[in-house]
Structures are given as C-alpha cells and as structure tokens.
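Have a look at the structure below before the remarks.
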Amino acid sequence: MNRLRRLLFRIIGIVPKQTQEQDFTSELESHLQLHTEDNLRSGMAPREARRQAILRLGGIEHAKQAHREGRTIPFLETLVQDVRYSLRQLRRSPGFTLTAILMLALGIGASVAIFAFVDAALLKPLPYANPSRLADVAEHGAAFHRSNLSYLDYVDWKRLNKVFSSLDAYTGSGYLLKTPSGVASVPAARVSDGFFRTLGVHPILGRDFYSGEDQPNAAATVMLTYGAWQRRFGGRKDIIGQIVTLSGTPTTIIGVLPEDFQFAPRGNAELWTTLHEINSCEKRRSCHNLYAIGRLKDAVSLETAQTEMAAIAKQLEIQFPGSNRDQGAHIGSLSELIVGTIRPILLVLLTGACLLFLIACVNVASLLLVRSESRRREFAVRGALGASRARLLRQFITEGLVLVSVGMLSGLAVGAVAVRFMLSLISKDMLSSMPYLNHLSISTHVLGFTFVITLLAAAVFSLTPILHLPKASMREALNEGDRGSVGTLWRRMGANLVVVELTIAVVLLVAAGLLGKSFYRLLHVDLAFDPSNLATVIVELPEQTYNKSDPIKEVTQKITDRVAAMPGVTSVGTTSELPATYNGNTNWIRIVGHPFHGEHNEINSRQISSGFFNTIRASLIRGRFITDQDDSTHTRVSVINKAFADKYFPGEDPIGKKYGDGDLKPDSLREIVGIVDNIRESSLEEDIWPAEYTPANQESDSEFILVVRTANDDKSLLPALSAIVHQIDPGIGTTQEQTMLQHINNSQTAYLHRSAAWLVGGFAVLAFLLGVIGLYGVIAYSVSQRTREIGVRMALGAARASVYQLILKEAGCLTAIGIVAGIVCSIVSATCLRKLLFGVRTWDLGTLVTVVILLGLAALLASFIPARRAASINPVEALRAE
Amino acid sequence: MGDKTDVWQGTLALMILKTLESMGPLHGYGIARRIEQTSGDLLALNYGTLYPALLRLEQEGAISSEWGFSENNRKAKFYSLTRAGHRLLSTEARSWEQTTAILSRFLTSSEES
C-alpha cells in the first residue's frame with residue numbers, strides 16, 4: 001500500500017515542478033542557517049561556521065540531487081527530458097518537422113482511411129447469428145454462373161436436402177404505399193416465413209413471421225426496417241397491428257427490424273413481406289425469380305452442401321426435363337456474395353495506400369538521415385562532454401518516436417476526415433447495396449492497425465540514424481574539414497532509399513494508369529445507342545385499376561402522348577428493362593426448323609413500345625422496327641439483335657423466321673421482323689447476349705420504364721416527368737427518376753472502377769511527387785557535398801558541360817535503376833489487378849511507356865536544378881570556402 | 001569521523017520515526033542533532049542523507065511536513081508523525097527488537113562455544 005503510494009508520488013514527480021525544487025532549496029537553506037547559528041554559538045568564525053555546515057551536509061548540490069532522485073523515477077525523468085529536448089529540436093527546424101509530419105500524416109491517413117473500409121467490409125462479421133454458417137443458395141444455369149431459383153425448385157430443395165438446418169427464399173419487390181399525401185412507391189422484399197430466423201435476426205418491436213405465414217391462405221403481413229419505421233411511420237410504438245395498404249392489399253404491420261439490420265442483396269428494401277401471394281412466375285417451374293439463404297447444419301461444409309444440392313438438382317432434372325435441363329445448384333458463402341465484388345478493389349486500394357505510406361516513411365527516413373548528417377557535430381560535442389553512446393541512441397529513438405507519435409495523431413485525424421469524405425462521395429443507391437458501410441467508424445481494429453504501422457515507422461526512423469551514428473572517433477567528426485567519408489555513406493544509403501521510392505512510384509503510376517484506362521474503356525464501351533439527353537423513370541401502375549391489357553395500353557398511351565407534348569421532348573418510348581443494366585430477365589427459345597435437343601437457348605427479353613428504338617437512337621440493320629400496329633390483334637413479332645442473328649442464324653436471313661418456347665407452343669411463336677444493332681443491355685463490363693425485343697402492346701405489363709429524349713437539359717425534365725404521370729392518375733407510382741448518363745455513370749460497375757481509378761491515381765500522384773522530391777533531395781545534397789571536388793575539377797579545366805554530365809549521370813543512374821525495378825515489379829503486381837481491369841492487358845505498353853517518359857522527364861527536371869547549381873559554381877569561391 | 005559508524009538506511013528511518021515520536025514536530029536539522037545526541041555522538045550522520053529518508057517517509061505517508069518557525073524564529077520545515085507513522089514505528093520497532101534479540105543470542109552462543 002505504502003509502496004504504491006510512494007510509486008504514485010514518484011510518477012507524478014516526473015513532471016518537473018519548480019515549486020518542489022524551490023521548496024527543497026529553502027529547506028536546505030534553513031537547515032544551513034540553523035546549523036551555522038549552532039556553530040557560531042560554539043565559537044566558530046562566521047565563514048568557518050557556514051563551511052562546516054555545508055561540509056556536514058555533504059555538499060548542497062549533492063543533497064539536492066539525492067532528493068531529486070527520490071522525488072521521481074530517474075529513467076522516466078530522463079525520458080521526459082529527451083522528449084522535451086526532441087520537441088525543442090523539432091521546433092527549431094520547423095521546415096523539416098512540418099514536411100515530415102505532413103508526409104506521415106498523408107501516408108498514415110490514407111492507409112487508415114482505406115483500412116477503415118476494409119475493416120467494415122471484410123473484417124467485421126456480418127450482423128447475423130454465426131454468419132460463417134450461412135450459405136447463398138441459387139441455381140446454376142447454362143449461361144449463368146449463379147441464377148435465380150424457381151419457386152417450385154426451392155420448395156423441392158427445401159424438402160429434399162439434409163445439409164441445411166433451414167433454407168429460406170427471398171426476392172425483390174416493390175409496393176405502392178398509400179399515404180395521406182398520395183401514393184409512394186416503396187422498395188420491398190418478399191421472403192419465406194423463416195427468413196429472419198435463418199439469419200438469426202430478431203425484431204425489436206412486434207413479432208417475426210409465424211411459420212406458415214408464407215402460405216397462400218395466410219393473411220397479408222409486413223415487417224418494417226428501422227429506417228422505414230422512423231421515416232414513414234414516425235417511429236410510433238403503436239404501429240404494430242395497424243393496417244396499411246400495399247398496392248391495394250390491406251396488410252398488417254407485425255414487426256420492426258433492428259436498426260443495424262442489413263441484407264445487402266436486398267439493401268434498399270424497406271418493407272418485408274412473405275411469399276404468400278404466389279405470382280404467375282412462381283407457379284411455373286421454368287420461371288426463376290428467387291434466391292435463397294441456407295444455414296448449414298453443424299459439421300457440414302459448403303462443398304458437402306454443393307455436392308448434395310447438385311445431386312438434388314440432377315434428380316429434379318430427370319423428373320422435369322423440360323424446365324430443369326442443365327439447371328444445377330450454386331452454393332456459396334453468403335459473405336462472399338455480399339463482399340465478393342468489393343474485396344479485390346479494397347485489397348488493391350489497401351496495397352496502394354500502404355505503398356504510399358512506405359514511400360512517405362522512406363522520404364522521412366532520408367530527411368532524418370540528412371538531418372543526422374548535419375547534426376554530427378552536435379552529437380560529437382555531446383559525446384565529448386560525456387554522453388554515452390547508449391544515451392545518444394536513446395535520444396535518436398526518442399526523436400523518432402516523437403515524430404511518429406505526432407504523425408500518427410495527425411494521420412488519424414486525416415484518416416477520419418478522409419473516411420467522411422469518401423463516404424459522402426458514395427451515392428445513396430450505392431450505399432444501399434453496401435449496407436455494411438453504414439456503420440463505418442474508426443474502430444478498435446482500425447486503431448490497432450494504425451498502431452502497428454506506426455510502430456513499423458518508428459522502428460525505421462529509430463534505426464536509420466543509429467546505423468549512421470558515428471561509431472569510433474568523435475574527434476574526426478569534430479574536425480570540420482572531414483566530410484568525404486561521411487558524404488559517401490549518406491550518398492549510398494540515400495541513393496538506395498531513392499531507388500526504393502522511385503520503384504514504388506512506378507508501381508503505383510502503372511497501376512493508376514491501368515485502372516484509369518480501364519475506367520475510360522468502360523465508359524466508352526460501345527453502347528449502340530445515344531445515352532445523352534435521355535430522361536428515364538420507372539412507372540408502376542396499381543394492379544387493382546390496371547389489371548387487364550386494355551386499360552394498361554390505354555394509360556400507357558396517355559402517358560406517352562402527354563409526355564411527348566412536353567416542351568423540348570422529341571420522342572418517347574417504353575421498355576421493360578433499362579439498357580446498360582444487366583443480362584437477365586431471359587427467355588428460353590427454340591427456332592422453328594432448326595435441330596433441337598431440349599437445350600436452353602437463353603436470350604435477353606425486353607418488351608418495348610414502338611417509340612423505343614427511335615428514342616434511344618438505335619440503328620436498324622435489316623427489316624423493320626416495331627410499330628403501333630403490332631398489337632394483340634396481329635401476328636406476334638419480334639426484333640432481334642445482331643448477336644441473336646449471328647448465333648442462331650449463321651449464314652441465314654432471320655427475317656421472316658419463327659421461334660418459340662422449347663415445345664414450340666403455338667401461343668409462344670414469334671416472327672422475326674427486324675434486326676437491330678447490339679444495344680448494350682448488360683452492365684458495361686459484361687458480354688453482349690442475344691436479345692429479343694417484343695412489342696409491349698402484345699404483352700402488357702403494369703410496370704415499365706419511360707425513356708424520353710429531350711432537346712433541352714435532361715436533368716431538369718425529371719421532376720416534370722413524374723408530375724405529368726401523377727396528373728394522369730395520382731395512384732400511379734414513379735421511382736428512380738434519372739438520366740441515362742446518370743444511370744450509366746452511377747452504375748455499380750462504373751462506380752467501383754471510378755473509385756479504384758481515382759484513389760489509386762491519387763496515391764500515385766502523391767507517390768510520384770514524393771519520389772521526385774526524394775531524388776531532388778539526394779542529388780542536391782550530393783552536389784552540396786561535392787562543391788569542393790567540382791571546384792577543383794573546374795579549376796583544372798573541366799568544362800561546364802562535363803559538370804552537368806557528372807551530376808546528371810548520377811541522377812540518371814538512380815532513376816534508371818528505379819524505373820527498371822519499378823517496371824518489373826509493376827508487371828508482376830499488375831497480375832493481381834487483373835480482376836479490376838477492363839479492356840486493358842496487364843502489360844499495357846502505352847501505360848508503361850507513358851509512365852517511363854513521365855517519370856524520366858520529372859527526374860531529369862529534379863536533377864537538372866542541382867546540376868545547374870553545380871555547373872555555375874565559381875571554382876575560386878568553392879576552393880576558398882573550404 | 002573515522003571511527004564513527006555509518007548509518008544504515010533502514011535504521012535511519014526507524015530513528016527518525018522514534019525521534020519524532022518522543023520530540024513531537026521537528027525540523028530536519030533538529031532531527032539530525034537529536035539522533036546524534038541520542039547515540040551519544042557515536043553516530044556521524046551525513047546530514048545530506050537525512051532528507052531523502054524524510055522524503056521517502058513522507059511519500060509513504062508515515063510523516064507529514066509543514067512550514068513553521070523554529071525557537072529562535074527561523075523559518076523551517078517541521079515534520080510530524082502521522083497516525084500511519086505511529087503504526088509503522090511500533091511494527092518496525094518490534095521487528096528490530098526481535099532481530100537484535102536473535103542476533104545477540106546468536107552472537108553470545110557462538111562466543112560460548
């Protein structure tokens with residue numbers, strides 16, 4: 001207890017206090033006076049009296065020192081001294097300090113920010129019970145690696161499998177929610193009854209779906225996400241049991257999901273209902289619209305599950321050869337499904353940030369080296385005054401630590417700001433598909449990571465000057481003239497560091513170049529339509545009012561006419577899926593008169609209005625486009641794309657040919673009337689698939705996308721577009737008002753490529769600057785050290801040109817080594833980038849050459865300045881100065 | 001100072017405590033003089049060593065200090081025993097007595113043999 005008390009006092013005592021010191025000084029003084037008076041009384045002379053008193057004390061300074069040591073813990077006290085000394089030193093050279101801290105803050109900040117994303121997306125487990133046991137369950141088609149599950153297959157899979165303790169299906173949906181202010185179109189999801197139990201998510205209010213609540217006879221019930229509850233229902237507790245109208249169906253609200261609930265595959269869904277109302281697609285085994293999640297039984301691996309589910313799929317294929325041919329099973333981990341696409345990008349970014357951090361460390365280390373060089377005399381003097389080598393080393397380490405600590409704190413601040421900034425750049429739609437980023441923060445993981453990289457930096461900074469600390473003779477260092485040997489050592493070490501910097505800069509520049517080029521290629525991929533000045537909006541007709549094809553046709557026509565009459569609008573069309581979205585919503589076809597063995601010929605299927613092709617400016621290759629006459633009273637027709645013609649009619653004229661479903665049922669037959677160019681239906685990086693465009697008038701749907709070409713600004717048209725639709729019928733829902741260019745630029749593919757290109761580009765620019773500055777530093781220092789040598793050379797008759805040559809050769813050598821090493825490293829590292837590249841080879845010659853030229857020119861400039869200085873040396877002055 | 005015994009650190013603390021117990025609050029110089037007098041001038045104290053010992057006792061909470069005035073009106077820092085100091089003194093004194101008793105018995109028995 002008392003020991004502890006004493007330790008506490010001594011630790012507090014580390015902070016030097018003037019009062020304590022003064023207090024003891026006066027105590028000693030009073031002691032001496034008392035003693036002197038006694039001595040005087042015993043008859044001593046005044047001077048002798050005081051002398052004796054001091055003698056008995058054993059010396060004033062000695063006594064003070066003993067007392068001081070008792071007050072504190074000497075080791076810690078010297079540490080505090082060292083820190084104070086370091087701070088003073090750093091303050092004395094603010095240029096060095098600021099540069100070093102800025103570089104460290106940038107390096108650490110970039111790494112920390114990227115790591116925060118990595119932590120949120122890849123390290124934090126998904127917020128479900130035992131998330132590693134959750135599997136993504138889907139079908140595997142001939143054309144799709146992972147495709148939707150059909151409802152009837154799902155029911156059979158659920159019944160037959162022995163690998164999942166539970167298997168539950170989900171699918172996207174949307175409802176028109178009736179509110180006092182009109183109809184709102186709300187994104188939703190439909191799930192089977194045990195969905196939330198499989199995830200291990202419990203509602204915070206109300207109840208989960210009962211088992212059996214997804215059966216057709218069950219009452220309509222809905223669960224709300226926390227966000228929807230707060231935003232749409234004011235967070236009222238009494239909402240449970242209330243009835244809302246969802247697309248005309250009275251539905252009871254039964255529960256509210258927790259605030260941190262997220263399900264990325266249906267990230268934007270606000271309302272969660274059951275599958276109880278089986279739609280027309282779900283009645284057919286050949287129609288696929290679901291995905292499923294399964295919880296693996298204990299000791300069952302994903303591979304076992306894959307094997308068993310494939311066997312079940314095989315069994316169903318035999319049982320239902322028409323619908324299930326080639327339909328296998330795809331079992332993956334749920335986390336892979338959720339973060340699989342973002343993982344390679346994040347890892348590349350993290351590598352880039354760490355390389356930047358490394359380059360910043362190297363730069364600071366070389367600054368420290370230059371500084372330790374100029375402080376040789378200071379350390380020699382301190383050594384001569386009795387500081388031990390260990391004490392000097394400690395001083396270096398302390399300085400390194402102080403620098404790194406300040407760097408770390410400012411780096412964390414930079415990182416926190418960068419995280420905020422990067423999050424603010426992510427659009428809301430994008431964020432809803434990456435809900436795990438919602439709770440992104442500087443977590444303990446991030447702090448741990450910061451600590452580790454800081455420790456590494458600290459080690460580097462402490463070791464660099466130590467390697468360089470004068471070992472033997474202080475005398476040599478004290479000798480002003482002695483510079484040659486030291487200069488050489490620095491040049492060698494500094495040169496190595498610069499080569500490392502240049503290598504890293506090349507790697508980052510090449511990566512940035514490749515990513516930038518991919519992004520450019522991606523945005524300039526051939527769309528085969530004109531995306532500019534197109535405004536689009538999804539229109540959802542309430543099915544109660546518009547349940548037959550005639551009223552749908554009528555209202556669609558009305559909307560189209562009214563929109564076409566808007567000022568600036570040049571043409572209007574509708575389609576079932578916006579181009580440049582995805583390959584999907586497919587049909588299986590069979591060509592009349594061609595050999596057929598039951599294979600699934602999968603093609604994209606789009607239902608369009610007569611105005612669609614003209615509106616998006618697609619070009620007709622042969623035949624004709626769809627017209628208003630192609631309605632239910634006329635022959636069923638279709639326009640196919642070029643890929644369709646190439647694949648299924650090689651060397652044949654498809655016009656006039658017919659195709660239908662696998663059984664060639666008479667009502668499925670269509671006659672091909674035209675061939676259109678390969679309009680990009682897929683996302684930007686996917687392949688072009690064969691596609692059919694059929695008249696919406698022959699197959700009306702209550703949901704379609706309005707595509708409008710305007711002569712004016714397309715963005716400003718968007719609000720008016722929705723307003724016009726609501727004028728016609730306020731019960732019609734409109735969502736996702738966006739221009740075609742917005743749609744393309746904000747698509748996930750474009751988004752991910754863009755962020756990768758920009759961030760790596762940013763890192764590369766910083767690395768480039770740091771590398772070139774580093775090179776400049778080395779050459780400039782080298783010139784300053786060789787002033788005398790150059791002076792001698794020039795005095796002996798060397799021409800200025802040969803001085804230039806001397807310096808530029810040194811710089812050129814370093815640059816060449818750096819660039820060559822960088823090119824080799826980047827060709828190796830680019831293979832890791834392969835997943836992120838689009839339309840660019842890993843060893844893209846153009847990028848490599850550009851980087852070499854850019855870096856070469858910058859290096860030339862960086863070395864030309866010091867070379868010029870060297871060449872302008874006045875030999876007389878140079879010789880006199882030494 | 002040649003034949004006078006050097007003071008052993010641990011016993012110095014005990015002497016300080018005992019001195020303060022018998023004399024009441026006292027300044028450093030007074031404590032030093034008192035210890036010398038009590039030892040019959042057999043003990044030569046290096047006064048410089050007294051102050052770290054006082055500091056240590058104060059840090060441990062056995063004594064407390066306060067500025068005051070000496071009998072001839074000099075400003076001086078006075079030390080006094082705290083309650084914990086009284087306890088410490090009695091336990092330390094007992095253990096010291098035990099040690100010396102054992103040691104003296106040991107020494108006498110070895111002289112006999």
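In what follows, chains are A, B, ... by sequence order, proteins preceding strands, each numbered from 1.
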### Message
What part of A/Q33 gets within 4.5 angstrom of chain B, counting heavy atoms only: side chain, backbone, both, or neither?
### Response
side chain

### Message
Report which part of A/L28 has an atom under 4.5 Å of a heavy atom belonging to chain B: side chain, backbone, both, or neither.
### Response
side chain

#### Entry: Residues A/R56 and B/E36 bridged, charged N to O under 4.0 Å
yes

### Task
For chain A, find which of B/A32, B/G28, B/G61 contributes the most heavy-atom pairs closer than 4.5 angstrom.
B/G61

### Query
Considering all heavy atoms of both residues, which atom of A/L57 and which atom of B/N46 are nearest to each other, and what is their separation?
O-OD1, 3.0 Å

### Query
So, A/H35 versus B/Y47: side-chain donor-acceptor pair below 3.5 Å or not?
no

### Within 6.0 angstrom of A/R41 CZ, more than 12 heavy atoms from elsewhere
yes

Taking the side chain as every heavy atom from C-beta outward, state whether [X] and [Y] have any pair of such atoms under 4.5 Å apart.
X	Y	result
A/S30	B/Y29	no
A/L34	B/R33	no
A/E37	B/R74	yes

### Greatest number of heavy atom pairs closer than 4.5 Å to chain B - which of A/H62, A/R68, A/H31, A/E29
A/H31

### Query
Can A/H67 and B/Y51 be said to form a ring-ring contact (aromatic ring centres under 6.0 Å, His included), step by step?
CA-CA 7 Å; A/H67 197 258; B/Y51 287 98; 7.1 Å; no

